[in-house]
Amino acid sequence: MRFPHLALAVVMVPVMAALVVAGGRTLKESESTVAVDQIDPGADTISQASADAGPDEPATSAIPAPAAAQPKPTVHSRAIDPDVVAPPELPAGELERVEPRQPLSKLALATPPKPKMPDDWNGTKLFQPVATAAGLIEAKGYSVAVSGVDVVSQDETCTTDGKSWPCGIRARTAFRAFLRGRAVVCTVPPESGRDRIAAECRIGKQDVGQWLVDNGWARAAKGGPYVEAGEKAQSAKKGIFGSAPNLAGISAVPAAPASAPQAPGSILEEVDGALKPADQPAPAE
């Protein structure tokens with residue numbers, strides 16, 4: 001009984017192996033077909049077209065030509081015409097000037113507000129004034145021209161009796177001697193500016209402009225308050241209206257200072273063979 005079973009088993013082994021091989025081939029063919037169908041669905045069409053083509057025609061002739069590229073849409077740009085971009089044509093007649101329009105409001109006609117001064121304000125006090133010319137003061141950042149007078153420049157020369165002399169420097173020296181570093185009160189704003197200001201000035205109760213004109217060290221401005229005083233100074237030949245100052249008694253070179261008494265070489269001196277104290281000089285007064 002064991003021999004028939006053994007013989008049957010030996011016979012079934014090749015049969016089973018053959019069935020396994022046949023089944024594997026069947027599965028492989030089915031997978032290949034599915035893969036080809038998924039990759040190139042038009043493979044059958046190409047193969048059919050190749051078969052229809054003649055033997056002399058290449059196989060690639062059956063491949064359909066690619067579709068033509070679609071043209072790009074045309075971008076319309078604005079045309080620039082030099083004849084259009086040009087100045088407008090002027091009328092043939094002459095141009096007529098018209099009056100400017102009226103301001104929209106009264107605010108356009110308003111002037112800048114003036115600085116508001118205190119009720120008891122009588123001017124700005126300028127300390128340590130410097131006279132740069134007769135009638136011109138600089139102090140505390142101000143440059144003030146005394147109003148009512150014509151400033152006499154320092155390089156001005158005057159001619160009297162046919163003789164020229166530097167009256168401008170002489171007038172400035174006299175004005176500096178009058179100021180003597182005293183504080184000057186001028187009607188200028190409390191805040192100084194870079195521009196020259198014409199203002200009335202005084203020292204104490206004395207009018208600076210009046211003093212300049214009365215002494216002839218400045219000319220009275222036309223239409224000013226010192227016209228009459230200027231005429232009197234000119235008639236009296238004061239200041240710049242007079243003759244050149246007499247400098248005959250003034251030496252051009254300053255005198256040498258007096259020599260100081262020399263100290264004795266020794267405080268002892270020999271008298272009759274004995275040393276005695278020398279006479280000492282009297283103390284200087």
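Keep in mind that the numbers below use all heavy atoms, side chains included, and drop hydrogens, waters and symmetry copies.
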List, one per line, each side-chain donor-acceptor pair under 3.5 Å for residues 125-138, sequence neighbours excluded.
none

Using residues 223-237 as the side-chain source, report each donor-acceptor pair under 3.5 Å to any protein atom, sequence neighbours left out, with the distance given to one decimal.
residue, atom, partner, partner atom, Å
Tyr226, OH, Asp207, OD1, 3.3
Tyr226, OH, Asp207, OD2, 2.6
Ser235, OG, Glu231, O, 2.9

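Using a 3.5 Å distance cut-off with no hydrogens or angles, the side chains of Ser164 and Thr159 do pair a donor with an acceptor.
Residues Ile203 and Phe175 share a single hydrophobic cluster, defined by chaining ILVMFWY side chains whose heavy atoms lie under 4.5 Å apart. Cluster membership check: Val152 does not share its hydrophobic cluster with Ile169, using side-chain heavy-atom separations under 4.5 Å among Ile, Leu, Val, Met, Phe, Trp and Tyr.
In this structure, the side chain of Arg182 engages the main chain of Leu179 through a donor-acceptor pair within 3.5 Å. Remark: the backbone N or O of Val188 is paired with a side-chain donor or acceptor of Thr124 at under 3.5 angstrom. Side-chain N or O atoms of Thr160 include one that pairs as donor or acceptor with a backbone N or O of Gly242 at under 3.5 Å.
For Cys186 against Val144, the heavy-atom pair with the smallest separation is SG-CG1, 4.2 Å. Contact record, Val184 with Cys201: CG1-CB, 3.7 Å, taken as the closest heavy-atom pair.
A distance of 10.0 Å separates CD in Gln210 from CG in Asn215, rounded to the nearest 0.5 Å. Here CD1 of Ile240 is found 7.5 Å from CH2 of Trp165. Values are rounded to the nearest 0.5 Å.
Pairs engaging residues 153-163 under the salt bridge (charged side-chain N to carboxylate O under 4.0 Å, His left out) rule: Glu156-Arg219 [sequence neighbours left out]. Listed by first then second residue, pairs satisfying disulfide bond (SG atoms under 2.5 Å apart) with a partner in residues 133-172 read Cys158-Cys167, not counting sequence neighbours.
Residues satisfying the side-chain contact (heavy atoms from CB on, under 4.5 Å) test with Gln206, not counting sequence neighbours, are Phe178, Trp211. For Arg172, the side-chain hydrogen bond (donor to acceptor under 3.5 Å, both in side chains) partners are Gln154, not counting sequence neighbours.
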(request) Kindly determine whether Arg170 and Trp217 satisfy side chain to side chain contact (heavy atoms under 4.5 Å, CB included), including the steps that lead there. (result) CA-CA 8 Å; Arg170 184 70 182 87; Trp217 297 122; 3.8 Å; yes
